[in-house]
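What follows is a single structure, written as structure tokens, with notes after it.
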Amino acid sequence: MRCNPTRRTFLKGTAATAVLAAGGACSLGAWQREQAEAAGALTSGPSLCNGCSSKCGLVATTRDGRLWTVEGMEEHPYSKGTLCGRGHGTAQWAYSDGRLTQPMKRVEDGSFAPISWDDAFAEIGAKVQEIVAEAGPEALAIIQDPRPSGKYYSKRFMNALGSANVYTHAAACNLSKESGIEQATGAQNFSVDFANTKMVVFIGRSYGDAIRPSSVKSLAGAAAKGARVVIVDPRLNNTGVFATDWVPIKPGTDIALLLGIANVLVTRDLYDHEFVEQHAVGFPEFAAQVADYTPEWAEGICDVPAATIEELAESLAAAAPACAIEPSWRAAFGCAYQNSFETARCVCAVNALLGSWGQKGGALLTSSPKAGDLDPAKFPKVPAPASPRLGDEEYPLALSGTGTNLAVLNGCNDGAIQGVFFYNSNAVQGYAQPAKWREALAKAKLVVTIDVQMSETALESDYVLPECTVLERLELPEFIGGKKHYVALRTPVLERIHPETKPCDEIFAGLAEACGVGQYFPFTVEELADAQLASVGTSLDEVREAGIVELTDPEFAYGVPTFKTPTEKFQFTSEKVGTAGLNPVIGYVGRLVEPAEGEFFLVGGKQGIHSHTMTMNLEALNAISREYGLERLWMATSDAESLGIADGDTVEVESSEATGQVTVKVTERLKPGVLFLPTHYGSTSPYLTRAQGLGINMMDFVPLHLEPKVGSVMSQEVAVKVRKVEG
Amino acid sequence: MEAMRSMRERASRLRIAAALFAPWGDDYRAAYEEAREALGPQAPALPTAAVRRRLERDVLAAGAPASALPVESLYRPWAAAPEGAGGGAPRGGAADFGAARHLFLGDSAQHMRELYRRLQLEVPPPFAAMPDHVVLLAETVDLFAQAGNAEAVAAMMDDHFGWLGDYRTELAVRREALDARADVGIPQADELARALDHAAALADGLVALADDLALSVRAIDGRWDREQTHR
Ligand code: SF4
């Protein structure tokens, strides 16, 4: 944006002289009174929240085109009429003064300067073509945190260029858990039938902290009906209000607790014989192995009394099949430890022993809808890339849909990757140690980030392309599975606020054109959305109007499901796991890092008002964090006493990788020997003026190491020392 | 007549000085020369090209390391409170985040859009999200002043210039924050500090010019010295 030096004024047009001269021009007070009395001008439209990856349905009401209120959509299965606080807070994004409003390019002095879209596209296109010519398309990669349009366009863009290197954030989220569940059940996730459950055990996951309104409602309903709700967590998290039991556990040892439970179920013959005989493979091998994992053995590892383990196992057996170990998400075994993948398999194994798969009140595997085939003349098929995705060979248990994005970090270091794109992803701040990402990205020839703000990842980029915010854009349909099937749509309810921002589809189409593969994007997002929706029997108009449409009933029924594993049975043993070089039989794997004398375990977790690092700069949500000191490090009262630390003191945290100072919250809600740090803080981007400098970032402290064969970041394999900062 | 002439002159000076907050790029020097006269002895020295770059990219831009845009909406509650202040609750209830600040396109921006509509003026695309940018506010005041509409000038001054002090404070906060963040490695922090100082001096000048203009309008008719509706 530049002013025209020949003009001395900026407003365009010749002012209406009569109005200028007329007495009593419209004053603010008069205008506000008019507004207050105006009847019309209120419009409501459906869309999807972007406060986290749940993408809850919302209804936005605008007043004269300005966002007035947002509410949860009644019909949407995730919001069920309610948006969480974070959803309300992120609605401010559209008007935030922290947004990027024009494309930026890193200039010679290291700072960023505005650049036009045309120039940005042209320069990026030239660089991409140079990399492809020199090193082949496999030297390009993209990392994204999936959103309805982003996951489609980013993959299509990269594949069109000839690269298979498409990754999600999963290696720093739920990769291990989903991969483990997949090897046992053939599905990557399952749900608990809360409406009918008698007992549920949460391993680390907290619906009261990582909120999805429907999950909280389901759990509240189960608790109200008298279900036993057990929280296994070193911290008494905010799901505690619904819980009957808190089982404090040594971090990274949930697997021992689960195997201890399995031992009791097997050795005391409390397991579901019919299920393991009819619907499972590998039970004899598993049973033989599990014989060693007695409750006493487990106690020695996880520090949960053997008697508690026995009681939990017996209670679960009594409640079976209307009970389950909850699948979790990131929490304790999404990507946290060397044994996360195996922990997920153990969760599945216990549910199998309980015979709860598919049963009322148990663990349910449901199906998901997807778009059908589209007309290739209109939506040309992109040829499959010639080379496999980087990292898949070394990490064969990474999911096909996610890969491990840390392969990109390693690839930058060894020269295999030279051009990296990020979409809706702050990898530098959250996917592994930031210093390691910075070092790696500095070696790439081209780094491009698409985001709404200048994240830490954007800061390491050569070009930053500003996306318009969620309520300003139409995205591709979002298909939702479960007992019922739905399709929902993110529709624009606001006019584009900053004219030099663009939606994801336009950005990728522009990039593709500039990179010489524009022929794969000859359609608009409306055309594609309409075609996808037509393929499932509805239309863009219908879904745009309603926000969500129920699709053909999948006719869910209770009963043992068909496991989509290679054996079509539940797998206590997996050939693929064996081929990868791990124990094919579900069993024990220890954690990697054990704190030495005087050191602490460090665990992280979410807070209900934030999503990763992306919400921290928003005025309202940042203000809540500051008001309540949410950035504080939790320390157990007994530890604080022995170190002479009081609530509110500043401490220095030190690991092999970093040191940092933070305020302490002293609490009884934490197992001694463990520290808890919320994972939203410690921003270092000077552009995020509210977020920067508040708290510390856990990932700074964690060594760069990947879970064998899976490729997750092992985000909690770290030991730290703490000392009080005097004065 | 003299009072009217004085109002017009002062409004012009305000417009010319406010224009320095526009993105001039390499043409800043020319704009500055004109504004120096308008600002009088208060005018800060012409900043170096490097400082001007920081000013434009890192201060007078959204989402920037020392972002402090002279846009009224950012320093006001975003939408009228449900009752009492600002003329009563709009139909449809209160806005979800009506009391919040630091958001674009608040009530002041909506009001200015309405004024531009009535005046048949168009906001250029770079200012699309900020029709209440001080550059445009000052221009509108000047248009009213040149048309001899003292009532409208007085209303504009009352309604849309009461936030300049808060803007001045924001620049000071940014300056302090910059000093406090010395360890973060903000590129060219020295130049950025000087850019913030320059903006603060300009803002001081604007405050003085706006006060001057308000006084001259009151000299035309004391009636305009009315209660602030919007502070
Ligand atoms: S859980 Fe909250 S933040 Fe996430 S999509 Fe739903 S309402 Fe938005």
Side-chain angles (χ1 to χ4, degrees), chain A residues 1-3 5 8-17 19-29 31-33 35-39 42 61 63-64 66 68-70 88 91-92 95-101 109-114 453-454 497-499 619-620 684 686-687 689 692-693, chain B residues 22-25 27 30 57 62-65 67 69 74 80 86-93 95-97 100 102-105 107 110-111 114-116 118-129 135-136 139-140 143-144 147-149 151-152 155 159 177 181 184 186-188 229-230:
Chain A
M1 162 173 103
R2 280 282 174 270
C3 293
R8 282 289 169 262
T9 57
F10 297 89
L11 290 163
K12 289 194 211 156
T14 314
T17 34
V19 186
L20 276 176
C26 162
S27 74
L28 179 71
W31 175 79
Q32 280 174 326
R33 278 189 294 279
Q35 286 288 298
E37 284 149 21
L42 280 177
T61 298
R63 190 184 169 85
D64 291 326
R66 191 161 53 138
W68 207 248
T69 58
V70 287
H88 283 278
Q92 281 188 355
Y95 301 104
S96 169
D97 63 349
R99 283 180 62 178
L100 279 168
T101 59
D109 66 8
S111 66
F112 285 86
Q453 61 191 356
M454 201 67 148
I497 288 166
H498 297 285
E619 169 96 356
T684 54
Y687 287 76
T689 52
Q692 190 265 316
Chain B
W24 288 103
D27 298 309
R57 291 176 192 168
S67 176
L69 276 158
L74 304 180
R91 288 210 185 171
D96 268 3
F97 36 85
H102 297 292
L103 301 174
F104 286 115
L105 295 175
D107 274 358
Q110 307 301 325
H111 176 235
E114 175 59 18
L115 266 186
Y116 300 140
R118 293 185 190 190
L119 290 168
Q120 295 164 26
L121 290 170
E122 223 180 281
V123 175
F127 292 96
V135 170
L136 306 188
E139 216 170 277
T140 309
L143 283 170
F144 281 126
N149 188 343
E151 183 185 353
D159 290 344
R181 291 187 295 165
V184 182
I186 298 174
Q188 293 80 40
T229 54
H230 199 48

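From a predicted model like this one, the values you see are computed outputs, not experimental measurements. Chain A is the first sequence line, chain B the second, and so forth, proteins listed ahead of strands; every chain is numbered from 1.
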>> Using side-chain contact (heavy atoms from CB on, under 4.5 Å), reason through A:Arg66 and B:Asp107 one step at a time and then give a plain yes or no.
In response: CA-CA 10 Å; A:Arg66 191 161 53 138; B:Asp107 274 358; 2.6 Å; yes
> Which region of B:Leu121, side chain (C-beta onward) or backbone (N, CA, C, O), has a non-hydrogen atom less than 4.5 Å from a non-hydrogen atom of chain A, or is it both or neither?
Replying inline: both
> Quick one: of B:Ala62, B:Ala177, B:Gly148, who has the most non-hydrogen atom pairs under 4.5 Å with chain A?
Replying inline: B:Ala62
> If you tally heavy-atom pairs under 4.5 Å against chain B, which of A:Gly110, A:Gly693, A:Ser96, A:Ala620 wins?
Replying inline: A:Ser96
> Quick one: CD1 on A:Ile497 to CG on B:Leu103, what's the gap to the nearest 0.5 Å?
Replying inline: 10.0 Å
> Of the listed residues (B:Asp96, B:Thr140, B:Val123, B:Leu69), which shares the most heavy-atom pairs with chain A below a 4.5 Å separation?
Replying inline: B:Asp96
> Given the options A:Asp109, A:Thr61, A:Val70, A:Thr101, which has more heavy-atom pairs under 4.5 Å with chain B than any of the others?
Replying inline: A:Asp109
> Do A:His498 and B:Phe104 have side chains that get closer than 4.5 Å, going by heavy atoms?
Replying inline: yes
> chain A: which of B:Ala100, B:Ala129, B:Ala128, B:Ser67 shares the most heavy-atom pairs with it under 4.5 Å?
Replying inline: B:Ala129
> Checking heavy atoms, do the side chain of A:Glu619, its backbone, both or neither come under 4.5 Å from chain B?
Replying inline: side chain
> With no hydrogens and no angle check, is any side-chain donor or acceptor of B:Asp159 less than 3.5 Å from a backbone partner on A:Ser27?
Replying inline: no
> So, B:Asn149 side chain and A:Leu20 main chain: donor-acceptor pair closer than 3.5 Å or not?
Replying inline: yes
>> With a 3.5 Å distance limit and no angle check, can you tell me whether A:Gln32 reaches the backbone of B:Ala80 through a side-chain donor-acceptor pair?
In response: no
>> Quick check on B:Gln120 against chain A: is it the side chain, the backbone, both or neither that has a heavy atom closer than 4.5 Å?
In response: both
